[in-house]
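These notes concern the structure reproduced below.
Residue numbers start at 1 and run along the sequence shown.
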Amino acid sequence: MSGKRLKRQIIKKKLFTKNRLVILNEDTFEEIFSLKLTLMNVFVVATLGAIIIIFVTTFIIAFTPLREYIPGYSSSKLKKEATELALKSDSLSAALQKNEAYIASIRKVLTGDVDFAHISKDSIMAGNTDDLSKLNLSPSEAEQKLRDEVALEDKYNLFEQATPKVATVLFAPVKGHITEGYSAKNKHYAVDIALPKNTPIKAVANGTVIFADWTPTNGNVAILRHNDGLLSVYKHCESLTVEQGDAVRTGEVIGIAGSTGEQSTGIHLHFELWKEGYPIDPTQFIAFE
């Protein structure tokens, strides 16, 4: 026990023994500065200094912009900008894909390059016709009674509102004789209507002009975009009265019939209908004659 006590006394003596730190002039040995120190003082000062340095460094890293200059430490502003740029790039990629699909559909309209195997048969082929002459279509007594009751209610119903049975009604762009009809087999995705000179051509429905310009093959061409992904195309016009970006209404004159373009064989209108990138027979929706 006495040995341990002796060691503790020696350590205590070393820690608290006063020492003098003196700075002398090397040439004259003149005392410039002196300081009384103990090992305990040095230890306490060093510990406090280390704590202060750690605190200041932590404060700088956590609460000041100076942390951005530390190697490997990314800026919060750069992170925010990188996130915004990533979101914008995703949006631009989606918009680019939509534009590419849209341009591809317009290219099909202008060139007529479409894969017949992917065309909806329902839009270009008439349904099967059955002989209805042998069927008894007259209503039974109960059905006739129900019809009379419904008709009587409808007659005096003040709150009934008429609603259209179809989503889109198409107006005939012109009236005339069809010289060549729609034929997917022959890759003629349109109807050709013979017309007198200077016959006005009208829009089949409300829409926006997405193309109105001259092409060497089809002459003056106008393409209108309508609701539900429907496009109407008017080719070989003598002149156009609309420009790209114009909004047109049903029955509004958009051009004058003519015979322009290399493929034109006379004054007529080459009219096409396209639905979501595929052609459909216009005569199923419009009466030209």
Do [X] and [Y] land in one hydrophobic cluster if side-chain heavy atoms of ILVMFWY residues count as linked below 4.5 Å?
X	Y	value
F285	Y189	yes
I267	V221	no
V42	I53	no
M40	L48	yes

For D90 and S93, what are the C-alpha separation, side-chain angles and deciding distance, and is it a side-chain hydrogen bond (donor to acceptor under 3.5 Å, both in side chains)? CA-CA 5 Å; D90 291 341; S93 298; 5.3 Å; no
To the nearest 0.5 Å, how far apart are [atom1] in [X] and [atom2] in [Y]?
X	Y	atom1	atom2	result
I52	T47	CD1	OG1	11.0 Å
L92	L85	CG	CG	10.0 Å
D246	T241	CG	OG1	8.5 Å
H270	N218	NE2	CG	6.5 Å
T250	L170	OG1	CG	8.5 Å
L269	I193	CG	CD1	4.5 Å

Is the closest side-chain donor-acceptor distance between D192 and T179 under 3.5 Å? no
Any donor-acceptor N or O pair under 3.5 Å, side chains H226, S232: yes
Flag the pair [X] / [Y] as yes when at least one side-chain heavy-atom distance between them is below 4.5 Å, and no otherwise.
X	Y	result
L230	I280	yes
L224	T208	no
F59	I54	no
F271	I286	yes
L24	V22	yes
L273	L231	no
K175	F288	no
V248	V242	yes

Can a donor-acceptor pair be found, under 3.5 Å and without considering hydrogens, that links the side chain of [X] to the backbone of [Y]?
X	Y	answer
N220	H236	no
E252	R249	yes
S264	G261	no
T283	G181	no
K275	D228	yes
N186	H188	no
T260	C237	yes

Using the side-chain contact (heavy atoms from CB on, under 4.5 Å) definition, which of the options L240, V209, I201 pairs with I254? I201
Give a yes or no on whether a salt bridge exists between E272 and K235, defined as a side-chain N under 4.0 angstrom from a carboxylate O. yes
Would you say CD of E243 has more than 12 non-hydrogen atoms from neighbouring residues, nucleotides or ligands within 6.0 angstrom? no
For the student: nearest non-hydrogen atoms of [X] and [Y], plus distance:
X	Y	answer
A257	P196	CB-O, 4.4 Å
D27	N25	N-OD1, 3.0 Å
Y234	A203	OH-CA, 3.7 Å
G176	L195	CA-CD2, 4.4 Å

When the aromatic ring centroids of H268 and H177 are compared, is their separation below 6.0 Å? no
